[in-house]
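Notes for the one structure printed next.
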Amino acid sequence: MHHPVDANALNEALDQAAELLRPARKVAVLTGAGISAESGLATFRGSNGLWEGHRIEEVATPEAFRRDPVLVWRFYHLRRANLATVQPNPGHHALAALEQRLGAGFTLVTQNVDGLHQAAGSKNILEVHGAIRRVKCSGCLRVTDRGVAALPEMPRCAECDALERPDVVWFGEALPEAIWEQAVKAVLSCECFLVVGTSAVVYPAAGLIDLARTGGSAVIEVNVERSAASAQVDVLLLGPSGTVLPELVKRL
Ligand code: APR
């Protein structure tokens, strides 16, 4: 239920956010699973955060893959198949429009592995948690882009025959170093940092919010509810990113 007071509060917050974003020539964005929720993809935490009773922390680890690769692959096969059926939503498109406005001053750091930012036309994207369309050999580390085509139940490397795995960052694994360094650089040098649809509990990605503050940037958050980051942001836009982001970009 939306009380009229809430709508007014959101409108005021949108005006404040537009004031911060309008003059900025360097803008960085951090997105999480929430931006893809309106495309029909489940988020990891919260009410839809379980897969067949497994917490994400139980299927997205190297230990889980060693213990039960069939189970882990089953989870990723489903996610890949799901991707073939979904489209970017107005939130993704609004970020692509923001990049059009800013050109090289825009950097999109995403924790998402779904590829929907690319599909919406964003260009300068740093996928700090990898991409589900890619597969990596657990033996020779060769990476191949398989799109969203169906894979064998247990895919094997064409070069060395070792078991392949999704090219995503699991809990306990390091982030791709060069990509992470670019993200840190963009966040430290931006004037305005937009945090969208993330619970901000998974590090090091969530640490980018502190880093933006350290670098002197304004921080705007878009989320349907308060997150772990909300206490430290300048403006919190409480609402679904698929409506809030287009509203924000329209005001610039
Ligand atoms: N608009 C905006 N925010 C939304 C929406 C929406 N329509 N729907 C949900 N959200 C918010 C939720 O309130 C929550 O804060 O999106 C956030 C989703 O949080 P998580 O499920 O924890 O996803 P994320 O923050 O991306 O997780 C980080 O954890 O599982 C690992 O590696 C995985 O990249 C992932 C990382």
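Every number for a ligand or one of its atoms is a count from 1 in the order of the listing. Remember, it's a predicted structure, so these values are computed and weren't measured experimentally.
Side-chain N or O atoms of D234 include none that pairs as donor or acceptor with a backbone N or O of A218 at under 3.5 Å. Between the side chain of N124 and the backbone N or O of F106, at least one donor-acceptor pair lies under 3.5 Å. A donor-acceptor distance shorter than 3.5 angstrom exists from the side chain of N112 to the backbone of G32, with no hydrogens or angles considered.
The pair E159-R142 meets the salt-bridge criterion, since a charged nitrogen lies less than 4.0 angstrom from a carboxylate oxygen. Here R134 pairs with E127 in a salt bridge; the nearest charged N to carboxylate O distance falls below 4.0 Å.
Atom numbering of ligand 1 starts at 1 in the shown order; those under 4.0 Å from a heavy atom of E38 are 1 (N), 6 (C), 7 (N). Near G32, the atoms of ligand 1 lying under 4.0 angstrom from a non-hydrogen atom of the residue are 26 (O). Each of the following atoms of ligand 1 lies closer than 4.0 Å to a heavy atom of E225: 13 (O). Within the listing of ligand 1, atoms 3 (N), 16 (O), 17 (C), 18 (C) sit less than 4.0 angstrom from a heavy atom of G197. Those atoms of ligand 1 with a heavy atom of A33 less than 4.0 angstrom away are 23 (O), 24 (P), 26 (O).
With a 4.0 Å cut-off on non-hydrogen atoms, V202 touches ligand 1 through its side chain and not its backbone. Contacts between H129 and ligand 1, counted as non-hydrogen atom pairs separated by less than 4.0 Å, involve the side chain only. The part of A37 lying near ligand 1 is the side chain, judged by heavy-atom distances below 4.0 Å. The part of I56 lying near ligand 1 is the side chain, judged by heavy-atom distances below 4.0 Å. Residue contacts with ligand 1, taken as heavy atom pairs separated by less than 4.0 Å, involve R45 via backbone and side-chain atoms alike.
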Could you walk me through whether L252 and R101 pass the side chain to side chain contact (heavy atoms under 4.5 Å, CB included) test, one step at a time?
CA-CA 10 Å; L252 297 179; R101 180 188 144 86; 3.8 Å; yes

For E63 and E58, run side chain to side chain contact (heavy atoms under 4.5 Å, CB included): C-alpha distance rounded to whole Å, both residues' side-chain angles, the deciding distance at 0.1 Å, then the answer.
CA-CA 9 Å; E63 293 76 28; E58 290 166 22; over 6 Å; no

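Among L41, T110, V113, T198, the residue whose heavy atom lies nearest to atom 25 (O) of ligand 1 is T198.
Heavy atoms of F171 approach ligand 1 to within less than 4.0 angstrom.
Between the OG atom in S217 and the CD1 atom in I209 there is a gap of 11.5 Å [rounded to 0.5 Å].
The shortest N or O to N or O distance between P240 and ligand 1 is not below 3.5 Å.
At least one test fails for R80 against the ring of W73: distance under 6.0 Å to the centre or angle within 45° of the axis.
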